[in-house]
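Beneath this line is the structure, given in structure tokens, with notes to follow.
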Amino acid sequence: MTAPAQPKKIVAPTVSQINAEFVTQLACKYWAPHIKKKSPFDIKVIEDIYEKEIVKSRFAIRKIMLLEFSQYLENYLWMNYSPEVSSKAYLMSICCMVNEKFRENVPAWETFKKKPDHFPFFFKCILKAALAETDGEFSLHEQTVLLLFLDHCFNSLEVDLIRSQVQQLISLPMWMGLQPARLELELKKTPKLRKFWNLIKKNDEKMDPEAREQAYQERKFLSQLIQKFISVLKSVPLSDPVTMDKVHYCERFIELMIDLEALLPTRRWFNTILDDSHLLVHCYLSNLVHREEDGHLFSQLLDMLKFYTGFEINDQTGNALTENEMTTIHYDRITSLQRAAFAHFPELYDFALSNVAEVDTRESLVKFFGPLSSNTLHQVASYLCLLPTLPKAEDTTFDKEFLLELLVSRHERRISQIQQLNQMPLYPTEKIIWDENIVPTEYYSGEGCLALPKLNLQFLTLHDYLLRNFNLFRLESTYEIRQDIEDSVSRMKPWQSEYGGVVFGGWARMAQPIVAFTVVEVAKPNIGENWPTRVRADVTINLNVRDHIKDEWEGLRKHDVCFLITVRPTKPYGTKFDRRRPFIEQVGLVYVRGCEIQGMLDDKGRVIEDGPEPRPNLRGESRTFRVFLDPNQYQQDMTNTIQNGAEDVYETFNIIMRRKPKENNFKAVLETIRNLMNTDCVVPDWLHDIILGYGDPSSAHYSKMPNQIATLDFNDTFLSIEHLKASFPGHNVKVTVDDPALQIPPFRITFPVRSGKGKKRKDADGEDEDTEEAKTLIVEPHVIPNRGPYPYNQPKRNTIQFTHTQIEAIRAGMQPGLTMVVGPPGTGKTDVAVQIISNIYHNFPEQRTLIVTHSNQALNQLFEKIMALDIDERHLLRLGHGEEELETEKDFSRYGRVNYVLARRIELLEEVKRLQKSLGVPGDASYTCETAGYFFLYQVMSRWEEYISKVKNKGRSYEEDMEIAEGCFRHIKKIFTQLEEFRASELLRSGLDRSKYLLVKEAKIIAMTCTHAALKRHDLVKLGFKYDNILMEEAAQILEIETFIPLLLQNPQDGFSRLKRWIMIGDHHQLPPVIKNMAFQKYSNMEQSLFTRFVRVGVPTVDLDAQGRARASLCNLYNWRYKNLGNLPHVQLLPEFSTANAGLLYDFQLINVEDFQGVGESEPNPYFYQNLGEAEYVVALFMYMCLLGYPADKISILTTYNGQKHLIRDIINRRCGSNPLIGRPNKVTTVDRFQGQQNDYILLSLVRTRAVGHLRDVRRLVVAMSRARLGLYIFARVSLFQNCFELTPAFSQLTARPLHLHIIPTEPFPTSRKNGERPSHEVQIIKNMPQMANFVYNMYMHLIQTTHHYHQTLLQLPPAMVEEGEEVQSQDTELETEEEAMPAPADIMPTLMDASSSQEASASQTEPTSNETETTSSQTGADSNPEATPAESKITATAAGPVATPAENNTPPDATSAPGETK
């Protein structure tokens, strides 16, 4: 099926088209980076390009993309810009390029930073152009481009160059734009401002007239821009045709206003200007709002602007306003209106004397003010300083509708934001799910603006922060829900039956027709609320399906979310479903409502509870589920039914749809965020401003914290005193003991602690802060007390020699405050994290540490390393569902720990029994923990005290003997200490209670994923969970909101948070969190993690700077992205790094792959890119390496697109199958999925041949380049990638080597040749993929024949020759089957040659059977479907020809196996 031809999809030009373009020819002449002799700068070129290419094509993205990609901005426009050559075309060209960079999400301001001299002049020209008359030199379309450019500037305040220009427009002097009476009123409110205002006036008088005029222009810029917009808005007619340029201008303008209002630095003074201009009143009364089609997005944007103008914040101080303060402000406004009415308008006496609650609704205000004349209304408004005074004997110029709306909208009662939120349904309905402005399709190109909140650097208050994240999280989930609904419902094929009802022609694994639906309970509302406390319903379905699918339906657990859907199809039976046409009208979808499962009902109609007891076996196929409906939604629907006579939604449902449990936790997360907004969420004071993005970004660094700790025990961090000295370069280390024999770890170090203030003063005075004292560390070696006579009593020790930056990270993590560690690939992030945890555990035994990671895999890696250190395992606990994958015998889940405690208790009581026996004490002391406690107190302690008093003789060996004796006693004492802790498990009888006790009291190190934290926050807080420190691994991969929630998993103590340390370890140069919808990812910047935002704001980081994973040459491909990233010594010294890769001339190579049979990339489904030539080439190289003797599990195949992943898996199934001579690669997956993993050899396919696509995101490039340890081989269209500006540092190194594959077929694995040496064997150059495929086939046949020959001569092969894991065949028949496993030459070469140019034609799905457990879902959702038949979903376009015909598939064409089963 071809991609839907929707207008929003931008088709990228091919390389040949790029080369043929006029732009490209000019680029080659004037500015292309690879051209040596360039023509001199010519301003006419810029004019021509602008007129002929940009304006003529109406700013077509395709043209602008080409220009931007050719490095027009970097190498021509800005490089040659100066006031002398500045012109309209020049300005507009620069703005178009910058806007395009933002659209593509690549850094935009770098060029300007390098050459900042002319930027101020350029910016002033932009301001002037933005205010120009629309019918003058600049068209409205051009001014829309300028507005977008200005919006990007206001959103880039972290860039000094931009901030210095924008500052003039948004500081206090902009109040010059206010009308004099309003200005006077505002200055009266805040006396301090009057002082500043007088200062500003004084300074203005000192300026020369020209500079003053310029300053006034800048200050009034935004006021004038608003006036200009209002004139454009008023020119929109109510029903006559309107140009879309006007509509787009208005939308972009409101977007700019929202962005100014949503940032405190821009909002502070601007909000008053906006209020004074009455922009909102003008907009709500405009014709555009009333135009159904054109004004829809404008209205949604307007609602957002209205929300932000009335936001609950004090503009000047930036403090959040409470409910009471908002009410006070509202009452002040009404009473001042009443006072004005009482004093000057006798006709308003009734209004003036009424109480506030009676007159502050819209209806009553209209009733009082509606009858007044326009002039009277104007006078009322001018008394309130809203309008200039009306001169006597003159009529007002404003119409009555405007004056009335101005007074009413300003004084009506507002619903509080939190009330609105609490009344909002959490499940999306059909109105939101298919609204393109709120939830755009996957075709969002980045062109238009959307009614979505943005996540930038700063937020107004915590409420604003949570609300924006709440809305975006809700909409991102909605997008995924939409894909699931479209998929399931279209599979069910709803058609209209002959009698007008619904008949289902298909079936879906994730959806079932509803047999019966009844609402069984509507509970009374809580006091003060108008929605029911709960609404429950019963849904009956008939499960006449296969057993495993039936089990899935019956396995629906409590809190799983399902969707109830009503369809009323209009299409007759048998109509084909067309994915290219709108979904709703084809299936006749009417309603969608969410619900939450309470449980399945048994025969007696009772809910079957989840628990350890086996579930009852129910007869028949009819099953009924009890579900909770959303009370808010139910209330809205019922109100609509009663008031407007609409039909009852709840009597119409005919489909219930479930979702995969992994993707279905959105409601719990939304509820968590909503609960947080309803509580006074207490963030520690030292973090509050940093989270909102204000204040000094380094204020939470340990060096500025008031409670810095002077002396820290580094335990086993250092391996020797030399290691310690090397770890603190530039410091003077004083050891408290002089004897070198005693200078052994563990060490306590006392640091010089200085308060932040003193330090600043000294810095200002000069260098005297670098005194000896400030650089001196006092090191005290200490001996860990003997723990007992047995070998297992000895503590486990760290064996890693940390570098000095790793030590700085560990030191920062042990101190209170915020620690951010940037860990490039292979720099030992996990080792640092584990050492920090261990050191905190030993230094502060009473504190509890929470570990949060993004994935279960990372959590398991951490746990495996924690267990190797000296941490008592009874203090470890792992929450969530990932503990099953821990590669250890021990179970760290809640119930696993309960079992451990019970088993340990029995072991220790046995020890007590032995002790009792050896002391000859009668009785049963080892019966319970309690009796053991008494035994310790009365029998053991008394004997020990007596022993101590008797040992008075102080011989030389006394100290040593005493140490041994005390060690033995400590061992005994520990038995009883543990038993004392385990007493609770005797008193608590149920497993649940015991597990809760462990979580709240016993465990000191608790680990979970960020998703688990978000889901379970409510339960954890309810239990009274407490912790002091948080450590986050993979912090740059966690969504902003999922990073924030773990800070608040406990109730505050006395209004303060207990949190003392927050350690975040991540790498913002690698891939961000996965956001499926492009619009949320790009427009709303939802992919920005909190870690990345902190780095952008300027929070200090510790950058780890020595990698030990990859060869130095491979590290060079990505180390340019990091601050001085070097190599650890072993990368040069160990033989595996210094030896060459056998059979291959280079350790890394970029291999150019041209079109195969005239086809490069293809796209059977949207964004589902494939490239047959590259896929075959990659697999051929993999087979070649395996035939040389490389272990297959040391090779991974990566690609940048899901489509290619499926294609390669298919080819591997065909070519390698289960052939023991070749094997299967360790993984075949996408770069994004492989983040955080590594392998020795990586084969990488970049797929694209038309446009660079998402590899242009440098973070993806860094991940791709940094996965290999010893060898990296990249298959790509070189001509495309080498021109990409962002990728230059890596591709310039790759293209310096030959672009054809160089192999050494006669060199077996492993080789003794050193890396970089000329080989003694012959080098063969492979020109293209067919040549490689042929070569591998011949090599394979040769190998088979020689093996066969050996087998004939020697029945028993000598063991030395059977090394590389290849099985020795013992019978001729087995050898023959092996020969058959490799396709005959007629299978490889002819199939490749005969492959039809369209892979899509023969696209068929063979389920991937790689040894990898991951769900393979493409971006379109086409393959996320369980029941996709091979012919239907076309996931995996295989290698075409006979190889890929469905008849040969392992799966019959109608099979409907779930992805989870075959993978």
Side-chain angles (χ1 to χ4, degrees), residues 702-703 708-755 758-759 762 767-789 791 793-815 831-832 835-836 838-845 869-870 948 951-971 1102 1106 1128-1129:
Y702 73 85
S703 61
Q708 205 183 137
I709 300 162
T711 303
L712 289 168
D713 180 357
F714 275 80
N715 202 23
D716 55 357
T717 310
F718 301 105
L719 305 185
S720 63
I721 190 75
E722 289 72 32
H723 179 202
L724 186 150
K725 287 175 177 168
S727 299
F728 294 103
H731 282 75
N732 179 15
V733 176
K734 275 190 185 166
V735 187
T736 51
V737 290
D738 299 329
D739 181 357
L742 295 175
Q743 294 182 354
I744 51 170
F747 299 113
R748 273 194 205 96
I749 304 181
T750 304
F751 295 95
V753 171
R754 295 162 302 175
S755 69
K759 187 174 158 192
K762 284 181 181 170
E767 294 302 308
D768 64 335
E769 61 124 359
D770 285 333
T771 52
E772 275 302 299
E773 195 182 321
K775 291 283 181 188
T776 301
L777 306 178
I778 296 162
V779 175
E780 177 198 346
H782 64 97
V783 178
I784 295 177
N786 185 330
R787 294 188 185 176
N793 290 134
Q794 296 313 307
K796 298 174 190 165
R797 287 288 173 87
N798 158 50
T799 53
I800 295 165
Q801 179 142 5
F802 292 110
T803 65
H804 68 92
T805 38
Q806 286 177 318
I807 293 291
E808 173 53 31
I810 292 167
R811 173 191 170 183
M814 292 164 72
Q815 292 281 9
D831 294 322
V832 169
Q835 195 61 43
I836 291 174
S838 168
N839 287 3
I840 290 176
Y841 172 82
H842 287 287
N843 274 275
F844 313 102
L869 288 178
D870 180 26
I948 289 287
V951 185
K952 290 293 179 200
N953 138 11
K954 302 230 181 332
R956 193 187 65 75
S957 65
Y958 167 80
E959 302 288 335
E960 294 164 22
D961 295 348
M962 196 62 206
E963 180 54 32
I964 292 168
E966 284 185 333
C968 296
F969 181 68
R970 280 188 200 100
H971 172 71
V1102 180
L1128 287 169

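His782 meets the ring-ring contact (aromatic ring centres under 6.0 Å, His included) test with no other residue; sequence neighbours excluded. The side chain to side chain donor-acceptor pair (under 3.5 Å) check on Asn843 picks up nothing, with sequence neighbours excluded. Residues passing the side chain to side chain contact (heavy atoms under 4.5 Å, CB included) test with Ser727, sequence neighbours excluded: Phe718, His723, Ile807. Judged as a side chain to side chain donor-acceptor pair (under 3.5 Å), and not counting sequence neighbours, the contacts of Asp716 are Gln835. With sequence neighbours excluded, the residues forming a salt bridge (charged side-chain N to carboxylate O under 4.0 Å, His left out) with Glu780 are Arg748, listed by chain and number. By the side chain to side chain donor-acceptor pair (under 3.5 Å) test, Gln815 pairs with no residue at all, sequence neighbours left out. Considering only residues two or more places apart in sequence or on other chains, Thr736 meets the side chain to side chain donor-acceptor pair (under 3.5 Å) condition with none of them. Listed by chain and number, the residues in a salt bridge (charged side-chain N to carboxylate O under 4.0 Å, His left out) with Asp831 are Lys865 (sequence neighbours excluded). Asp713 is linked by a salt bridge (charged side-chain N to carboxylate O under 4.0 Å, His left out) to nothing, counting only residues two or more places apart in sequence or in another chain.
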Worked verdict on His842 versus Asp870 for side chain to side chain contact (heavy atoms under 4.5 Å, CB included)
CA-CA 9 Å; His842 287 287; Asp870 180 26; 3.5 Å; yes

What do the steps show when you test Asn732 against Leu777 for side chain to side chain contact (heavy atoms under 4.5 Å, CB included), and what is the final call?
CA-CA 6 Å; Asn732 179 15; Leu777 306 178; over 6 Å; no

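At a threshold of 4.5 Å between non-hydrogen side-chain atoms, the residues Phe751 and Tyr702 do not count as touching. In this structure, the side chains of Ser838 and Asn715 come closer than 4.5 Å at one or more pairs of heavy atoms. In this structure, Val733 and Leu724 have side chains that are in contact, with non-hydrogen atoms separated by less than 4.5 Å. In this structure the side chain of Ile749 never reaches within 4.5 angstrom of the side chain of Arg811, judged on heavy atoms. Between Pro781 and Ile721, the closest side-chain pair of non-hydrogen atoms is not below 4.5 Å. Asn798 places none of its side-chain heavy atoms less than 4.5 Å from the side chain of Phe714.
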Using distance only, find each side-chain donor-acceptor pair of residues 737-744 under 3.5 Å and give its atom names and separation, not counting sequence neighbours.
residue : atom : partner : partner atom : Å
Asp739  : OD1  : Ala741  : N            : 2.9
Gln743  : NE2  : Val737  : O            : 3.0

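Going from atom CG of Leu719 over to atom OG1 of Thr799 covers 7.5 Å, rounded to the nearest 0.5 Å.
For the residue pair Thr717/Asn839, the side-chain donor-acceptor check at 3.5 Å is satisfied.
Listed here is the closest heavy atom pair of Arg797 and Pro746: NH2-CD, 4.5 Å. Annotation for Pro729 and His804: closest pair CD-CB, 3.8 Å, computed over non-hydrogen atoms.
Sorted by first then second residue, the salt bridge (charged side-chain N to carboxylate O under 4.0 Å, His left out) pairs that include residues 726-737, not counting sequence neighbours, number zero.
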